[in-house]
Amino acid sequence: RKEVEQDPGPFNVPEGATVAFNCTYSNSASQSFFWYRQDCRKEPKLLMSVYSSGNEDGRFTAQLNRASQYISLLIRDSKLSDSATYLCVGDAYDYKLSFGAGTTVTVRA
Amino acid sequence: ETGVTQSPTHLIKTRGQQVTLRCSSQSGHNTVSWYQQALGQGPQFIFQYYREEENGRGNFPPRFSGLQFPNYSSELNVNALELDDSALYLCASSGPGSDRGAGYTFGSGTRLTVV
């Protein structure tokens, strides 16, 4: 079983829509969580950290539920530039980051 | 402040050959990690180097090896290439005081194709 599992999508939404997706993690030793964004054939870039209390960064809201080992990302008022693959990432402080396979989001005009 | 640079950007090799990929870490970063990303998958951890020593290793065979140099740059070597080694190889650097997973800077990767 993979440490981080994600709904692969794709999520195809119109501009201005809200899109939400989630991931689950199996390693209960995971301490920190992140969402990374990866554009086609490019390197992953940090989108935001995820805190247990939930946190927002502009149009992006992330939630962490440690009891259910579940992480979510919500994008409000989608822009064309939000089209990308979103990678859910766990860090168990064991030298590595554990990446999910990614959720693909396509925002159409 | 320069970011992480990787070379070459693309590479085609024949099964059984050996390959060396290179990474220059971001200024001030002393830790380098290597990841393999197959098509449609997330990056998978290969190993990490700190102070020129392997600091942790993922589930990859010994034919995957690495080096870190005093200037913190790094190499990834793969021997006896297999078709399944075809992937995007990503180098990520981090430094003292980096905020764990939020403190990684990834290079743009080397796309390796094994034929």
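What you see is a predicted model; the values in this text were computed from it and never measured. Letters A, B, ... are given to chains in the order of the sequence lines, protein chains preceding strands, and every chain is numbered from 1.
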Which of the residues K2(A), Q31(A), R41(A) is involved in the greatest number of heavy-atom pairs with chain B at under 4.5 angstrom?
R41(A)

Heavy-atom contact with chain A under 4.5 Å, split by part of [X]:
X: Q41(B); value: both
X: Q6(B); value: neither
X: Y35(B); value: side chain

Is the CG atom of L39(B) crowded by more than 12 outside heavy atoms at less than 6.0 Å?
no

May I ask whether [X] and [Y] are part of the same hydrophobic cluster, defined by side-chain heavy atoms of I, L, V, M, F, W, Y residues being less than 4.5 angstrom apart, directly or through others?
X: F99(A); Y: Y25(A); value: no
X: L88(B); Y: L76(B); value: no
X: Y36(A); Y: F33(A); value: no

Within residues 101-109 of chain A, contacts to chain B at heavy-atom distances under 4.5 Å involve A101(A)

Among the options G58(B), P43(B), A92(B), G107(B), pick out the one with the most heavy-atom pairs lying under 4.5 Å from chain A.
P43(B)

Hits for ring-ring contact (aromatic ring centres under 6.0 Å, His included) against F60(B), two or more places apart or cross-chain, chain-then-number order -> F64(B)

4.5 Å side-chain heavy-atom contact, R57(B) and Y95(A):
no

As a quick check of understanding, evaluate side-chain contact (heavy atoms from CB on, under 4.5 Å) for V19(B) and T110(B), giving each step before the final call.
CA-CA 11 Å; V19(B) 68; T110(B) 294; over 6 Å; no

Salt-bridge criterion met for K13(B) and D85(B) (N-O under 4.0 Å):
no

